[in-house]
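One structure is given below, encoded as structure tokens.
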Amino acid sequence: MNAPVLQVDSLHIHYQTLAGMVKAVNGVSFNLYKGERLGLVGESGSGKSTTALAIIRMLEGPARIIDGAINLSGTNLLALSDDEMRAVRFDRVSMVPQGAMNSLNPVMRIREQIRDIYEAHGKLPKRSELDGKIAHLLTRVGLKPEVAGMFPHELSGGMKQRVCIAMAIALQPQVILADEPTSALDVVVQRQVMETLGNVQQELGAAVILVGHDMGLMAQFVDRIGVMYAGRLVELASVEQIFKAPQHPYTQQLIGSIPNLEQKKLFKGIPGTAPSLLDPPSGCPFHPRCSEAFEPCTLDVPPLRETAPSCWVACHLYEKVVSHDHPA
Amino acid sequence: MATAQALTQPVTETRPRRRRINWLLVSGLIIMLALILFGVGGGMIIDKSYAQVGAFLPRMAPDAERLLGTDSQGRDVLSVLILSTPNTLLIGLIAGTVGVGVGVVLGLLSGFFGGIIDGVIRTVTDVFVTIPGIALLVVIATNVRSINVAIMALIVASLAWRFPARAIRAQTLSLRERGYVQIARLNGVGGLELVIKEVLPNLLPYIAASFVSTVSQSILATIGLEALGLGPQNEYTLGMMIYWAQFYGAILRGFWWWWMPPIVIIVLIFVGLLLTSSGLDDLVNTRLRRSV
Amino acid sequence: MNLQYVIRRTGVFILVVVLAVTVNFMIPRLIPGDPIEEKLSQLTATSSGNLVTGIEEMAAAYRTQFGLDRPLVEQYVNYWRDILRLDFGYSLSNYPETVSNSISAALPWTVFLVGTSTLISFVIGSLLGGLLAWPRIPRVLRGLIPVLMVISAVPYFLLGIILIYLFVIVNRIFPAGGAYTFGSTLHWDLESLGDILHHAFLPGMSIVVAGIGAWALNMRGMMISVLGEDFITLAKAKGLREKRIFLWYGLRNGLLPQLTTLALTLGYVVSGSILVEVIFSYPGIGYKLYQAIQTKDFFVVQGIVLVLIVSIGFALYVLDLVYPLIDPRIQYDVR
């Protein structure tokens with residue numbers, strides 16, 4: 001692969017709550033390459049959404065980025081002022097929101113909401129060109145140009161999400177973040193919307209980070225998968241590797257829990273409860289639920305290491321086969 | 001399709017269940033209690049003859065003896081104020097009780113039984129809600145021979161049911177669809193029994209909130225009517241104090257002690273009731289949040 | 001447009017008018033005693049010159065108005081006929097002025113005073129409330145919230161009394177009452193306009209200031225729920241400027257339900273404003289009503305009550321029909 005378009009380097013994010021400090025993201029590092037589709041999976045609370053939101057700096061309320069760097073082709077996003085960051089949003093990093101149903105302003109026509117993006121970034125085309133541009137955008141995501149004159153309540157859920165995709169590609173960003181973009185849609189529409197997102201992403205050559213917990217959807221859509229657990233990236237590898245030869249015990253259980261239509265296996269969950277982020281377990285955060293845990297697991301946090309080419313895992317089981325430790 | 005989320009249990013609850021003191025409700029109730037104490041307790045201490053016409057020289061400015069001076073009739077303003085406060089509160093209380101009582105019955109009937117009953121009640125409520133209360137009350141009050149505190153309360157109550165009826169109907173409609181009411185209905189619990197046993201208890205917080213705001217609106221309407229001269233002529237109320245002050249030109253003559261005291265008490269009443277009802281709203285909403 | 005909704009809403013408006021007319025007709029007849037008789041005898045007893053000259057005509061007017069010798073149904077039909085002709089009879093205390101003339105002389109002042117100040121109060125209050133919900137305002141401004149709570153609890157006219165005391169008695173900045181300098185004649189020039197505004201300032205301020213608290217608190221509530229919506233988050237992610245998000249994504253969405261509140265509380269606003277006119281002797285409908293009650297001028301009272309009910313009913317009717325056109329979210333609710 002080519003040079004990374006986005007480098008996330010030892011990102012730490014904490015939430016200050018009444019009960020104490022919640023360590024939502026604990027040293028997450030990964031690279032995103034041009035045109036690549038990366039999936040981030042994990043349970044709710046694993047820090048996958050928080051990581052994605054941090055990239056576009058949309059963390060709300062008590063969340064603080066404590067440490068780390070986010071480099072977007074040479075710009076450290078965390079060092080930008082609020083106004084500089086505002087200019088980056090949607091121009092260089094855009095996002096397709098989670099709640100498509102309510103993500104559009106109910107009292108503005110679609111045309112105005114797309115026009116807003118151009119205007120905010122000083123890229124408003126001439127009056128004569130604007131309508132054509134908006135029509136083109138809408139056609140690209142499989143909508144009729146007439147949608148521009150409609151209000152959100154006149155559109156179905158799938159159509160609204162297509163509008164959101166159209167908006168996300170309006171300024172041809174380098175990175176598109178999609179945080180469970182289809183969770184509110186039914187399965188058939190889900191697939192169509194994901195196909196649309198895939199198509200426009202390919203045409204554009206943009207990189208995509210897809211956040212979600214639907215392993216089936218991930219398998220169809222992304223190139224690489226990052227598995228997150230308790231605010232850490234525990235495994236990062238290609239889709240084939242993750243599904244065929246998962247290495248981290250957590251990933252193994254995650255894959256094992258997918259019901260298979262061919263083999264009538266007993267439906268297996270992951271035993272134990274998710275860890276408290278207020279007071280995480282010592283050592284590897286997964287060790288209380290891990291069937292293969294041994295002594296070092298309770299003492300040290302295993303770093304992410306490359307155990308096979310382009311296959312990274314954070315687990316003491318693979319210590320011996322270590323070649324070099326460097327974030328992928 | 002499997003989801004990692006569905007397979008594991010959610011993150012352990014990190015936010016502690018701290019019991020927050022409802023300061024709005026507490027301070028509202030304290031103010032109301034203080035006002036009742038001032039009116040009822042004060043009424044027991046003072047010499048009622050001080051509030052009689054000609055008890056003192058008229059238009060005396062406040063001094064150490066007469067703390068709030070005397071009015072145009074030579075009555076001690078403080079004594080009149082103490083006797084007026086419970087009367088005004090009483091009017092609000094009666095009007096609020098009657099209004100909410102009628103409103104709850106109408107709202108329940110309308111919301112629970114639907115059909116023609118609902119159609120009629122809802123239309124009547126819509127019509128009355130549209131009418132500016134004071135206009136209708138003026139017609140009634142101008143035609144009533146002599147007004148006393150009880151009649152005043154009933155006049156105001158004649159329109160006080162409108163907003164409670166509307167609010168209770170809406171709540172009943174949503175309650176009717178809840179699981180436990182449906183189950184009770186399937187188990188053959190019928191009409192009136194279902195309303196009294198299942199619906200009414202769950203409406204209590206809304207009824208309480210509705211009651212407080214109805215009392216407040218009734219007192220506002222009373223004072224408005226009284227300021228127009230349509231109040232009890234022979235009894236003491238806060239609104240009539242304002243009316244007489246205005247009638248004898250106290251405002252322009254600079255006799256601030258005729259109108260300032262009742263204004264202070266009236267504002268205290270409204271602030272107290274507003275705090276109480278905001279506090280009750282909070283209470284209802286927290287309950288809602290917990291039950292979701 | 002949903003026809004069923006329009007028909008239902010029109011029906012409610014017609015019922016409002018019917019109710020207003022019927023109440024005006026029935027209540028004087030339901031209650032024992034005859035207020036008009038009482039008033040007439042009172043006038044004869046005091047027999048102050050010019051009033052006595054009108055007694056005969058007044059008695060005649062009274063008979064036509066009430067026609068007590070006729071059957072009730074016929075009286076009711078006649079009453080309706082007069083109302084539809086805008087014939088509310090004669091003023092008892094200002095004979096031979098008709099009630100219609102008396103009302104139409106007062107109405108413009110009320111529309112001017114109450115309309116303008118309610119609008120100003122609504123706009124300022126809503127903006128303030130919107131700002132108070134915005135997370136990035138200075139903390140100091142948040143101290144305004146309890147102040148607004150207290151203000152919203154003060155009835156308009158009580159604030160009026162306080163304002164008179166402060167700015168008429170203690171500091172002689174504004175006139176004590178009236179709509180223009182007593183004895184002057186009004187012209188369409190700057191001098192008259194200045195005089196009118198000078199007189200309208202204090203009563204206007206009572207309505208504006210006393211109203212701001214309620215509008216601001218209400219709008220703050222609306223705004224807080226709007227700001228939690230997903231479309232606000234996406235607007236931020238889109239890189240829009242704060243001002244754009246505040247005005248077009250936040251305020252616009254909060255303002256529409258706020259308009260519904262305006263409609264619901266219009267009756268309160270007008271009732272409150274009536275009393276402000278009384279305190280400031282402002283020659284509008286409210287002051288006229290007060291004078292009519294003082295002089296037991298029942299025809300004027302009834303006429304004003306009818307005009308108030310019908311005009312507010314009509315305003316709400318229009319607002320209800322127009323609202324779905326300006327808020328694209330609204331589906332006509334015919335439930």
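Protein chains get the first letters and strands the later ones, always in sequence-line order, with residue 1 at the start of each.
- Residue contact with chain C, scored on non-hydrogen atoms closer than 4.5 Å, involves the side chain of A:M167 exclusively.
- Within 6.0 Å of OH in A:Y118 there are more than 12 heavy atoms belonging to other residues, nucleotides or ligands.
- Considering all non-hydrogen atoms of both residues, A:P106 and C:F231 come closest at CD-CE2, 3.4 Å.
- Between C:G239 and A:A120, the closest heavy-atom pair is O-CB, 3.5 Å.
- Looking at C:L256, the atoms closer than 4.5 Å to chain A (heavy atoms on both sides) all sit in the side chain, from C-beta outward.
- Within a 6.0 Å radius of NZ in A:K144, no more than 12 heavy atoms belonging to other residues, nucleotides or ligands are found.
- Across A:E154, A:E112, A:E119, A:M108, the residue that shares the most heavy-atom pairs under 4.5 angstrom with chain C is A:M108.
- One finds the CG atom of C:L234 at 7.0 Å from the CG atom of A:L104 (value rounded to the nearest 0.5 Å).
- Under the 4.5 Å side-chain criterion, counting only non-hydrogen atoms from C-beta, A:Q113 is in contact with C:K238.
- Side chains of A:D116 and C:W248 form no contact here, defined as non-hydrogen atoms less than 4.5 Å apart.
- Ranked by heavy-atom pairs under 4.5 Å with chain C, the first of A:M58, A:M85, A:R86, A:R57 is A:R86.
- Contacts of C:R244 with chain A are made by side-chain atoms alone, with heavy-atom separations under 4.5 Å and no backbone atom involved.
- Contacts of A:M95 with chain C are made by both backbone and side-chain atoms, with heavy-atom separations under 4.5 Å.
- The two residues C:N253 and A:V107 make their nearest non-hydrogen contact at OD1-CG1, 3.5 Å.
- The shortest heavy-atom contact between C:D230 and A:S103 is CB-OG, 3.7 Å.
- Residue C:R142 qualifies as enclosed at atom CZ: its count of foreign heavy atoms under 6.0 Å is above 12.
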